[in-house]
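Okay, so here's the structure we're looking at.
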Amino acid sequence: MPTCDHCDAHVSERFARVFADENGEIHACISCSANAGIAEASRNRERGA
């Protein structure tokens, strides 16, 4: 069951397939970021990790 790495909230398999990075990590979910900014937040958190 995929979860957001930032808040540990459950995300759908479909969400994970679209927004997870190449390692399968999800750095932002709908609750953590505005819909339009999920991909950008994910990239920024990945760079900062």
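Keep in mind the model is a prediction, meaning the values are calculated, not measured.
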Show the atom names and distances, to 0.1 Å, of all donor-acceptor pairs under 3.5 Å that link a side chain in residues 12-25 to residues at least two apart or in another chain.
unit_1 : atom_1 : unit_2 : atom_2 : d
S12    : OG     : F15    : N      : 2.9
D21    : OD1    : N23    : N      : 2.8
D21    : OD1    : G24    : N      : 3.1
D21    : OD1    : E25    : N      : 2.9
D21    : OD2    : H27    : NE2    : 2.9

Answer whether the closest heavy-atom distance between the side chains of S31 and C4 falls below 4.5 Å.
no
Taking all non-hydrogen atoms of both residues into account, name the closest pair between T3 and V11 and its distance.
N-CG2, 4.2 Å
